[in-house]
Amino acid sequence: MRITVLAGGVGAARFLRGLRAAVPDADITVIGNTGDDFTPFGLHVSPDLDTVMYTLGGGISEEQGWGRAGESHVVLGELAAYGAGPDWFGLGDLDLATHILRTQLLLAGRSLSEVTAALCQRWQPGVTLLPMSDDPVRTHVTVDLDGREQVLHFQEWWVRLHAAVPASRIEPVGAARARPAPGVLEAIAAADFVLFPPSNPVVSIGVILAVPGIAEAVRAKTVVGVSPIIGGAPVRGMADACLTAIGVATSATAVAAHYGPDLLDGWLVDTQDKDAADAPELAGIAIQARPLYMTSVAAAAQIAQAAVELAGQVRR
Ligand code: FO1
């Protein structure tokens with residue numbers, strides 16, 4: 001079985017850990033969002049790729065959901081002593097090795113997909129991890145701050161401001177010119193079905209779909225998504241702030257309607273949201289309700305198994 005998954009960070013990584021356990025023989029390709037990529041101190045950080053790689057490779061900090069287990073922050077402390085920032089972005093010493101090596105390889109002329117494959121040699125995530133594009137895409141967020149309109153890098157809004165300042169616009173800058181990374185369109189075309197894990201529909205899945213060619217390729221396939229919204233609130237993170245910015249309500253029904261029946265064939269919602277099955281705006285999408293909190297790897301595996309079974313039922 002070949003499965004292709006579009007992935008953001010923590011929610012996707014935990015779902016993928018469940019998927020790998022549920023279907024150990026499946027050939028899984030993960031297309032990761034790079035719109036969150038960030039270059040503090042000139043180092044190329046790819047948070048979503050690293051979160052997937054560390055989670056599947058056994059190196060993740062389970063408490064945070066991102067970054068390395070057993071982390072220390074000596075280097076960041078030394079930089080702060082020089083007055084150098086950003087001091088609000090928690091780069092740990094172990095994690096820094098990944099960013100230093102990624103940056104070195106990129107400066108030597110390797111592409112982000114080549115570098116990602118090289119880093120995965122160490123972590124052996126058990127999936128093929130591809131960046132959505134080797135071309136730079138950066139998610140920018142427009143906010144009203146200090147009495148004027150400002151355009152911020154996504155991480156500044158998300159981490160420094162905790163997405164607490166309302167966004168009037170969220171834009172994946174560079175996406176329109178970006179080309180899918182080598183293997184991305186091929187993995188979608190070859191997949192038996194495509195899964196959307198419980199990732200942020202705007203800044204994760206939305207940004208991947210903004211790369212020309214990817215949405216068209218996905219639309220041609222059977223697609224099953226897992227709702228990132230349970231009972232009117234994000235399972236994790238601040239997806240509500242992103243949905244509000246694009247005028248979509250924070251509900252499992254509204255997110256499925258936002259993707260639309262053209263894209264989605266099946267949609268898993270939490271049992272709290274089972275009424276989504278009767279929503280007229282979701283006509284044409286097969287809705288199934290089941291517990292969606294990923295409280296353990298076993299719980300994530302049950303959710304992933306349900307997504308795989310639903311894909312089998314709705315397969316075109
Ligand atoms: N998230 C935080 O909330 N605070 C941080 O200081 C932070 C640092 C960080 C460093 C490396 C990395 O790979 C991820 C990091 N994240 C941090 C997570 C990240 O900001 C986001 O959650 C994602 O970009 C959204 O998927």
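Counting convention: from 1, in listed order, for ligands and their atoms alike. In what follows, residues are counted from 1 in the order of the sequence shown.
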Heteroatom distance test (S46, ligand 1): nitrogen or oxygen, under 3.5 angstrom:
no
Find out if a path of hydrophobic residues (ILVMFWY) with successive side-chain heavy-atom gaps under 4.5 Å connects V143 to V203.
yes
Heavy atom under 4.0 Å from ligand 1: found in N33's side chain, backbone, both, or neither?
neither
Which protein heavy atom lies closest to atom 11 (C) of ligand 1, and at what distance to 0.1 Å?
D95 OD2, 3.4 Å
Can you list the atoms of ligand 1 that are under 4.0 Å from a heavy atom of G90?
5 (C), 6 (O), 8 (C), 10 (C)
Which protein non-hydrogen atom lies closest to atom 24 (O) of ligand 1, naming both residue and atom, and how far is it?
D36 OD2, 2.7 Å
Taking all non-hydrogen atoms of both residues into account, name the closest pair between I285 and G260 and its distance.
CD1-C, 4.0 Å
Counting heavy atoms only, which of F89, F38, W66 is nearest atom 2 (C) of ligand 1?
W66
Which residue in the set R102, H44, Q155 passes side chain to side chain donor-acceptor pair (under 3.5 Å) when paired with D37?
H44
Ranking E71, Q155, M53 by closest non-hydrogen atom to atom 20 (O) of ligand 1, top hit is Q155
Who's the nearest protein heavy-atom neighbour of atom 12 (C) of ligand 1, and how far?
P47 CB, 3.9 Å
Is it the case that ligand 1 has an N or O less than 3.5 angstrom from some N or O of D48?
yes
Given the rule in the ring pair (Phe, Tyr, Trp, His ring centres under 6.0 Å) test, do F38 and W88 qualify, once you have shown the distances and angles that lead to the verdict?
CA-CA 13 Å; F38 188 48; W88 47 263; 5.7 Å; yes
Does one hydrophobic cluster hold both V207 and V211, with members joined at side-chain heavy-atom distances below 4.5 Å?
yes
Does some side-chain heavy atom of E149 sit less than 4.5 Å from a side-chain heavy atom of T142?
yes
So if I count the atoms of ligand 1 from 1 in the order they appear, which ones are less than 4.0 Å from some heavy atom of W88?
6 (O)
What's the shortest distance from atom 22 (O) of ligand 1 to any protein heavy atom, and which residue and atom give it?
W158 NE1, 3.4 Å
For the residue pair E309 and Q313, confirm or rule out a side-chain donor-acceptor distance under 3.5 Å.
no
Chi angles and distances behind the side chain to side chain donor-acceptor pair (under 3.5 Å) call for T222, D265
CA-CA 6 Å; T222 298; D265 299 288; 4.7 Å; no
